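All chains are named by letter (A, B, ...) in the order of the sequence lines, taking the proteins before the strands, and each is independently numbered beginning at 1. Bear in mind that the values here come from a model prediction, so they are computed numbers and not experimental data.
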Amino acid sequence: MLPVLNHPWDVGIAEAREIQYRLREKLIQAPLLQSINTIAAVDVSYTRWDQVGYAVLGLFSLIKDNGDEKFSVKEELIKTRIESVKFPYVPGYLSFREIPILLPLFKEISENIDVIIADGQGIAHPRGIGLAAHLGLLFDIASIGCAKSKLIGNYTEPGIRKGDYSDLFLDQRIIGRVLRSRNRCKPLFVSPGHKCLVPDAMDFILNLCSKYRICDPIRRVDEISKQLRKSQQLKRSKESYETFISQS
DNA sequence: GCGACAG
DNA sequence: ATCTTGTCGC
C-alpha cells in the first residue's frame with residue numbers, strides 16, 4: 001500500500017514545521033469506524049551508539065470476545081526493516097525521524113488496514129500533527145496515538161484504577177486523554193490522529209490493554225523491535241570476532 | 001531568560 | 001530511545 005499524500009522527508013526543522021502546518025489542515029475529525037477488522041501497530045527501537053533504527057510493522061486482526069465491547073488481537077503479519085535514520089530526535093518532529101523507515105514496510109502490505117496505532121502522539125502535538133496523526137493522514141487511514149508520556153497539554157492526575165482517565169487540554173480544547181491502562185501504573189497519553197475522535201480513541205486503546213500498561217499490539221511490535229536489535233547486535237559481534245580471528 | 005520536551 | 005539490579009507493592 002502506498003501513501004495518498006507525498007512530501008519530502010530530507011528536510012530541516014524549518015521545512016518540517018511548514019509541512020506540518022500544511023498537513024494538519026487535512027486531518028479529519030470523525031467518529032472511528034464501527035467495523036474494524038485489521039489494525040496496524042508500528043514501533044522503532046535504536047541503539048545508543050549509532051543512528052540505526054529497527055522498525056517493525058505488525059498487522060493484527062480483532063477477535064470479538066464474549067458479549068460486549070471487549071476484544072483481543074491475533075497476530076497476522078510482521079514486517080521489519082533495519083536502516084540508519086537521517087533525522088535526529090527533536091521533540092515535535094518525531095515523524096521526520098521514524099516515518100521514512102516505516103514507509104517501505106507499508107509498501108509491502110497489500111491487505112486492508114482499518115486503524116493505525118503508533119507509539120507517540122496523535123493531535124496532542126504543538127502543531128496538531130504528531131507521529132500517529134501524520135501516519136494516518138499519509139495513508140488516509142484512521143489512526144490513534146498511544147504515548148507513554150506527555151508532549152504537550154495540561155491535565156489532572158486520573159484515578160488509579162484501570163479505565164480511570166482525565167482530559168488532556170491545550171488551552172480550552174480537549175486534545176486527548178490521560179488513561180490509566182492498568183491499576184496503579186503510570187497513565188498512557190492517548191490522542192486521536194486521523195479520522196478519529198477523542199472518546200473513540202481512548203475506548204479503542206483501552207480495549208486493547210489486556211494485562212499490561214502498554215496495549216497489546218504496540219507491546220508486541222516493541223518486543224519484536226528489541227529482539228531484532230539484539231539479534232543483529234549479536235550477529236555483528238560474531239562477525240567482528242571472525243574477522244579478528246582470521247587476521248591474527 | 002527559564003522550563004518543557006512523544007521516541 | 002538506551003543503559004541497568006535490585007527492590008517495593010499488589
Practice task
Give a yes/no verdict on base stacking between C:dA1 and A:Y89: centres under 5.5 Å, planes within less than 30° of parallel.
Solution key: no
For [X] and [N], is the shortest distance between a side-chain N/O and OP1 or OP2 below 4.0 Å?
X      : N      : value
A:S149 : B:dG7  : yes
A:R182 : C:dC10 : no
A:K148 : B:dG7  : yes

In whole Å, what is the span from the [atom1] atom of [X] to the [atom2] atom of [N]?
X      : N     : atom1 : atom2 : value
A:H134 : B:dA6 : NE2   : P     : 18 Å
A:I123 : B:dA6 : CD1   : P     : 18 Å
A:I218 : B:dA6 : CD1   : C1'   : 12 Å
A:L170 : B:dC5 : CG    : P     : 14 Å
A:L94  : B:dC5 : CG    : C1'   : 12 Å
A:N183 : C:dG9 : CG    : P     : 17 Å
A:R213 : C:dG9 : CZ    : P     : 20 Å
A:D50  : C:dC3 : CG    : P     : 11 Å

Practice task
Kindly indicate whether the side chain of A:Y54, heavy atoms from C-beta on, has any atom under 4.5 Å from the side chain of A:E83.
Solution key: no
Exercise for the section: Report which part of the nucleic acid A:G145 touches: base, sugar-phosphate, or nothing (heavy-atom distance under 4.0 Å, all strands). Expected result: nothing
Handout entry: Sugar-phosphate, base or nothing in reach of A:Y93, heavy atoms under 4.0 Å
Key = base
Handout entry: A:Y212 six-ring face occupied by A:R219 cation (under 6.0 Å, within 45°)
Key = yes
Exercise for the section: Could you tell me whether the side chain of A:D114 and the main chain of A:N37 form a donor-acceptor pair under 3.5 Å? Expected result: yes
Problem - A:R184 or A:D119, whichever maps to the more 5' nucleotide of DNA chain C - result: A:D119
Practice task
Fit a plane to each ring of A:H134 and A:F96, take the angle between them on a 0 to 90° scale, and name the class: parallel (under 30°), tilted (30 to 60°) or perpendicular (over 60°).
Solution key: perpendicular
Counting only side-chain heavy atoms from C-beta out, which of [options] sits nearest to [X]?
X      : options             : value
A:R97  : C:dT2, B:dC5, B:dG7 : B:dG7
A:R48  : B:dA6, C:dA1, C:dC3 : C:dC3
A:Q121 : B:dA6, B:dC5, C:dC3 : B:dA6
A:Y46  : B:dC5, C:dA1, B:dA6 : C:dA1

Problem - NZ/NE/NH1/NH2 to OD/OE distance under 4.0 Å, A:K226 and A:E223 - result: no
